[in-house]
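Everything on this sheet refers to the single structure shown next.
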Amino acid sequence: SDTGWVPEADMYETSDHIILVVNLAGVNIEDIGVVFHQNHLRIDGKRHLPAHADTSARYHQLEIGYGDFERIFRIYESK
């Protein structure tokens with residue numbers, strides 16, 4: 001993805017389901033889009049900077065991604 005950050009995801013299959021778990025901690029549900037089309041699942045959205053973020057602060061470590069994101073997963077039926 002060429003977007004701001006990429007959320008981690010786990011995908012696994014049970015006997016009758018495909019389970020997808022995407023780490024979207026801190027993303028508001030209204031900022032998430034989900035579309036399934038022709039065996040592709042697209043999840044996109046935006047994680048905003050927290051209201052308490054101080055742009056004048058001297059940060060020592062920044063690991064949490066903010067901004068736009070997009071993940072596309074190919075879903076297919078195993079035989």
Side-chain angles (χ1 to χ4, degrees):
S1 173
D2 292 332
T3 59
W5 62 285
V6 180
E8 301 91 357
D10 293 339
M11 184 186 308
Y12 57 96
E13 184 176 353
T14 66
S15 61
D16 55 351
H17 291 91
I18 295 174
I19 310 296
L20 177 64
V21 179
V22 182
N23 184 356
L24 297 177
V27 179
N28 297 322
I29 195 163
E30 60 270 7
D31 292 328
I32 300 170
V34 179
V35 176
F36 185 74
H37 180 68
Q38 295 182 349
N39 294 347
H40 289 84
L41 177 66
R42 179 177 186 255
I43 300 174
D44 66 359
K46 184 172 191 163
R47 179 161 50 201
H48 300 277
L49 283 170
H52 67 271
D54 183 351
T55 56
S56 65
R58 248 181 44 186
Y59 289 92
H60 296 276
Q61 185 167 336
L62 293 171
E63 294 182 3
I64 298 172
Y66 294 96
D68 296 328
F69 67 88
E70 177 184 63
R71 292 290 308 261
I72 298 175
F73 302 91
R74 182 172 167 230
I75 310 293
Y76 58 92
E77 183 178 349
S78 59
K79 300 182 185 209

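Just so we're clear, the structure is a prediction, and the values are computed from it rather than from any experiment.
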Check residues 32-43 and write down every donor-acceptor pair under 3.5 Å in which the side-chain atom is one partner and the other belongs to a residue at least two apart or another chain.
unit_1: His40; atom_1: ND1; unit_2: Gln38; atom_2: O; d: 2.9
unit_1: Arg42; atom_1: NE; unit_2: Glu70; atom_2: OE2; d: 2.6
unit_1: Arg42; atom_1: NH1; unit_2: Asp44; atom_2: OD2; d: 2.8
unit_1: Arg42; atom_1: NH2; unit_2: Asp44; atom_2: OD2; d: 3.0
unit_1: Arg42; atom_1: NH2; unit_2: Glu70; atom_2: OE2; d: 2.8

Taken to the nearest 0.5 Å, the spacing of Glu8 CD from Leu24 CG works out to 9.5 Å

- Query: Do Leu20 and Phe69 share a hydrophobic cluster (ILVMFWY, side-chain heavy atoms under 4.5 Å, transitive)?
  - Reply: yes

Between Pro7 and Asn23, the two heavy atoms sitting closest are CB-O, 3.3 Å

Minimum side-chain heavy-atom gap Ile18-Met11 below 4.5 Å: yes

Here the pair of heavy atoms bringing Trp5 nearest to Gly67 is NE1-O, 3.0 Å

Residue set satisfying side chain to side chain donor-acceptor pair (under 3.5 Å) with Gln61, at least two apart, ordered chain then number -> Glu63

Next item on the list: Inspect the surroundings of CG in Leu62 and state if more than 12 heavy atoms from other residues, nucleotides or ligands are less than 6.0 Å away.
Entry: yes

Tightest non-hydrogen contact, residues His48 and Lys46, listed as CE1-CD, 3.6 Å

Q) With the 4.5 Å side-chain cut-off for hydrophobic clustering, are Val27 and Phe73 part of the same group? A) yes

Looking at Tyr12, I'd like to know if its OH atom is crowded, meaning that more than 12 non-hydrogen atoms belonging to other residues, nucleotides or ligands lie closer than 6.0 Å.
no

Between the CZ atom in Arg74 and the OH atom in Tyr76, the distance rounded to the nearest 0.5 Å is 6.5 Å

